[in-house]
K.L.:
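Next up is a structure, given as structure tokens.
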Amino acid sequence: MFGTSTAFPLLTVTAAVPAVGAILTAAVPAARRTAAKWLALLVSLATLVLAGIVFVRFEPGGERYQLTESYAWIKDFGVRYELGVDGIGVALIALTALLIPFVILAGWHDADPLETSSKRWRPTQGFFALILMVEAMVILSFEATDVFLFYILFEAMLIPMYFLIGGFGDRAHAGSDENAAAQRSYAAVKFLLYNLVGGLIMLAAVIGLYVVAGNFSLTEIAGARADGSLEIATSTERWLFLGFFFAFAVKAPLWPLHTWLPNAMGEVTAPVAVLITAVVDKVGTFAMLRFCLGLFPEASKWATPAIVVLALISIVYGALVAVGQRDIKRLVAYASISHFGFIILGIFAMTSQAQSGATLYMVNHGISTAALMLVAGFLISRRGSRLIADYGGVQKVAPVLAGTFLIGGLATLSLPGLAPFVSEFLVLVGTYARYPVAGVIATTGIVLAALYTLVLYQRTMTGPVKEEVRKLPDLRPRELAVVVPLIAVLIFLGVFPKPLTDVVNPAVRHTMSDVQQKDPQPEVEAAK
């Protein structure tokens with residue numbers, strides 16, 4: 001299962017560069033805000049180069065886990081600093097490293113001082129340092145093959161996210177500081193409490209896993225289970241599975257554990273909203289594939305019917321609530337809940353097409369949501385309002401902004417030719433092959449996605465020009481530098497997804513082998 005370790009610790013360096021960059025950015029003197037921004041951007045670009053090297057060096061037809069590193073950490077408890085990447089991890093590392101430079105560039109002025117008064121000073125250096133620290137922890141979580149190390153990272157990333165949510169709010173609230181601060185505080189605390197509860201339950205499961213397995217190594221435990229040298233009682237395996245799955249379902253988020261997401265995304269700046277839903281939340285769905293299915297295959301199959309039902313509820317519920325939203329950012333948040341339902345449905349449909357689609361969906365959803373949310377953020381910063389009713393006729397005064405907003409929206413509804421279509425199609429085909437009824441129900445999410453996306457565009461961009469938007473400027477060069485590359489990636493992966501599928505498919509086959517599942521064969525009636 002493990003490939004040959006490399007002499008150069010490439011995976012460690014890929015995660016260490018943004019971590020060190022975060023420390024250096026935070027240490028920049030307060031008066032040198034612009035220098036801190038450029039340092040953060042350069043660090044994120046360096047991380048992107050390293051992630052590209054990881055992607056290129058990964059051999060899809062090679063060992064399951066490659067570029068491995070393993071060092072003793074806490075010997076008495078069998079804890080090791082153990083890293084390795086499979087195709088799914090490589091794809092998500094690439095996604096994370098790709099998005100962070102755009103997050104930083106889009107948030108270039110989001111943490112600037114609102115005024116000279118110290119009461120409303122916003123620590124610019126801290127804002128960008130926290131983003132880089134989140135990047136480092138997310139990348140390392142995609143690399144960790146020691147369960148205890150993964151748990152530490154899974155919990156530690158909550159700290160910088162808490163400060164980003166609670167400390168850097170959307171400037172659309174600038175006119176009511178006390179109310180805005182209270183809402184940000186509520187969203188940050190709710191985010192932290194939900195995820196801490198999930199993490200504590202997972203900690204109990206991690207300890208239980210160590211008691212029955214004697215170590216924390218994902219590869220050793222999975223290997224011992226495969227060759228029969230480690231047997232876990234059915235009831236014990238199910239309880240351990242539920243402990244891990246609950247924490248991942250909170251992070252994902254899956255209905256009914258989703259309610260923290262709309263609050264968090266509604267109160268933060270658009271770049272931080274992208275960081276939450278396009279980067280951090282992917283750790284939950286990734287962990288379902290790597291840990292739930294890898295460590296507890298029988299329990300995963302036992303829980304599949306219930307999880308499929310919850311995923312379908314997430315798909316339909318998230319889309320229905322998005323249709324009725326009056327707030328642009330909360331609409332995108334509920335749309336993401338619906339999309340995460342598709343991802344989880346694909347994971348637990350237990351077919352190679354669905355799981356490949358789910359993995360591609362993680363990547364494509366991250367890019368499409370980033371494009372839509374960042375353009376929405378540029379729009380909101382101009383008008384100073386998140387309410388859909390405060391807009392109208394924007395395409396007549398800012399046609400480029402409206403056009404990029406439309407493309408981001410069309411990607412969200414999985415229009416053919418854009419990247420999310422490929423992943424959603426694979427999820428539906430793979431689900432229908434094993435669970436036809438679930439596949440049919442899931443298609444309602446496509447119809448509803450078209451409804452909330454096109455209604456949003458119609459109400460904000462078309463119709464008579466409202467007086468308040470008459471003087472809105474179009475996208476500036478910095479903003480175009482954020483949006484245009486994301487749209488280009490959406491189009492490229494929409495017409496040519498092979499670079500990703502070649503990397504992902506071998507990892508999916510390993511996962512299918514873990515749960516001892518084969519794709520259903522189509523029934524063909526004999527000719528009469």
Side-chain angles (χ1 to χ4, degrees), residues 15 72-83 89 133-134 136-163 165 188-222 224-225 230 232-254 256-261 264 276 280-300 302-303 307 310 344:
W73 182 15
I74 309 175
K75 291 184 178 179
D76 293 341
F77 295 99
V79 179
R80 300 186 64 81
Y81 176 81
E82 197 170 81
L83 307 180
M133 189 56 69
V134 171
M137 292 179 179
V138 169
I139 288 176
L140 202 56
S141 69
F142 292 143
E143 300 171 345
T145 55
D146 183 277
V147 178
F148 188 81
L149 173 62
F150 174 83
Y151 170 76
I152 294 297
L153 296 164
F154 188 82
E155 290 291 88
M157 69 180 68
L158 300 180
I159 299 171
M161 285 307 308
Y162 170 80
F163 287 110
I165 296 171
V189 170
K190 189 173 184 179
F191 161 83
L192 189 63
L193 288 178
Y194 268 63
N195 284 275
L196 278 178
V197 170
L200 289 173
I201 293 175
M202 180 183 170
L203 177 60
V206 169
I207 295 171
L209 180 65
Y210 177 76
V211 170
V212 298
N215 66 80
F216 293 106
S217 173
L218 169 68
T219 53
E220 290 184 19
I221 297 172
R225 297 217 65 191
L230 172 62
I232 302 177
T234 299
S235 59
T236 302
E237 180 178 344
R238 290 176 179 179
W239 281 112
L240 293 176
F241 168 86
L242 290 174
F244 278 81
F245 180 78
F246 183 85
F248 303 152
V250 172
K251 182 83 77 178
L254 177 68
L257 306 171
H258 66 284
T259 58
W260 64 267
L261 182 64
I276 294 171
V280 173
D281 286 355
K282 298 301 186 299
V283 176
T285 47
F286 163 80
M288 291 179 188
L289 278 166
R290 174 168 281 190
F291 296 101
C292 287
L293 272 61
L295 294 173
F296 315 111
E298 295 303 319
S300 297
W302 162 76
I307 296 172
L310 293 176
I344 296 170

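Heads up: numbering here begins at 1 and tracks the sequence.
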K.L.:
Applying side chain to side chain contact (heavy atoms under 4.5 Å, CB included), can you list everything that pairs with W239, at least two apart in sequence or on another chain?
P.N.:
L242
K.L.:
I'd like to know if the side chain of T285 reaches the main chain of A252, judged simply by a donor and an acceptor atom lying under 3.5 Å from each other, with no hydrogens or angles considered.
P.N.:
no
K.L.:
side-chain hydrogen bond (donor to acceptor under 3.5 Å, both in side chains): which pairs involve residues 146-158, sequence neighbours left out?
P.N.:
none
K.L.:
Show the nearest heavy-atom pair for residues P160 and M137, with the distance to one decimal.
P.N.:
CG-SD, 4.3 Å
K.L.:
Output all residues satisfying side chain to side chain contact (heavy atoms under 4.5 Å, CB included) with L153, sequence neighbours left out; order by chain, then residue number.
P.N.:
L140, S141, A144, L149
K.L.:
Quick check: do I221 and F216 have side-chain heavy atoms less than 4.5 Å from each other?
P.N.:
no
K.L.:
Report the distance from atom CG of L158 to atom CG of L196, rounding to the nearest 0.5 Å.
P.N.:
5.5 Å
K.L.:
Is there any salt bridge (charged side-chain N to carboxylate O under 4.0 Å, His left out) pair reaching into residues 232-251, and which pairs are they, with sequence neighbours excluded?
P.N.:
R225-E237
K.L.:
Is there side-chain contact between L295 and V147, with at least one heavy-atom pair below 4.5 Å?
P.N.:
yes
K.L.:
Not counting sequence neighbours, which residues clear ring pair (Phe, Tyr, Trp, His ring centres under 6.0 Å) with F245? List them please.
P.N.:
F241, F348
K.L.:
Using 30° and 60° as the class boundaries, would you call the ring planes of F248 and F150 parallel, tilted or perpendicular?
P.N.:
perpendicular
K.L.:
Test of understanding: with side-chain hydrogen bond (donor to acceptor under 3.5 Å, both in side chains), list the residues that count as partners of R80, not counting sequence neighbours.
P.N.:
S70
K.L.:
What's the shortest heavy-atom distance between A15 and A136, and which atoms?
P.N.:
O-CB, 3.3 Å
K.L.:
State, with a plain yes or no, whether a side-chain heavy atom of D281 is found less than 4.5 Å away from one of L261.
P.N.:
yes
K.L.:
Would you say the side chain of T234 lies within less than 4.5 Å of the side chain of E298, judging by non-hydrogen atoms?
P.N.:
no
K.L.:
Mind jotting down which residue pairs meet the side-chain hydrogen bond (donor to acceptor under 3.5 Å, both in side chains) criterion with at least one end in residues 193-204? Sequence neighbours excluded, please.
P.N.:
Y194-T259
K.L.:
Would you tabulate the side-chain donor-acceptor contacts of residues 199-212 under 3.5 Å, counting partners in other chains and residues two or more places apart, or write 'none'?
P.N.:
none

K.L.:
Assess the residue pair W260 and F191 against the criterion (ring pair (Phe, Tyr, Trp, His ring centres under 6.0 Å)); give the C-alpha distance rounded to whole Å, side-chain angles, the decisive distance to 0.1 Å, and a yes or no.
P.N.:
CA-CA 5 Å; W260 64 267; F191 161 83; 5.4 Å; yes
K.L.:
Suppose we screen for side-chain hydrogen bond (donor to acceptor under 3.5 Å, both in side chains). Which residues come up paired with K282, at least two apart in sequence or across chains?
P.N.:
H365
K.L.:
Could you state the interatomic distance from CZ (F244) to CZ (F154), rounded to the nearest 0.5 Å?
P.N.:
10.0 Å
K.L.:
Any side-chain to backbone donor/acceptor pair from T145 onto E82? Under 3.5 Å, distance only.
P.N.:
yes
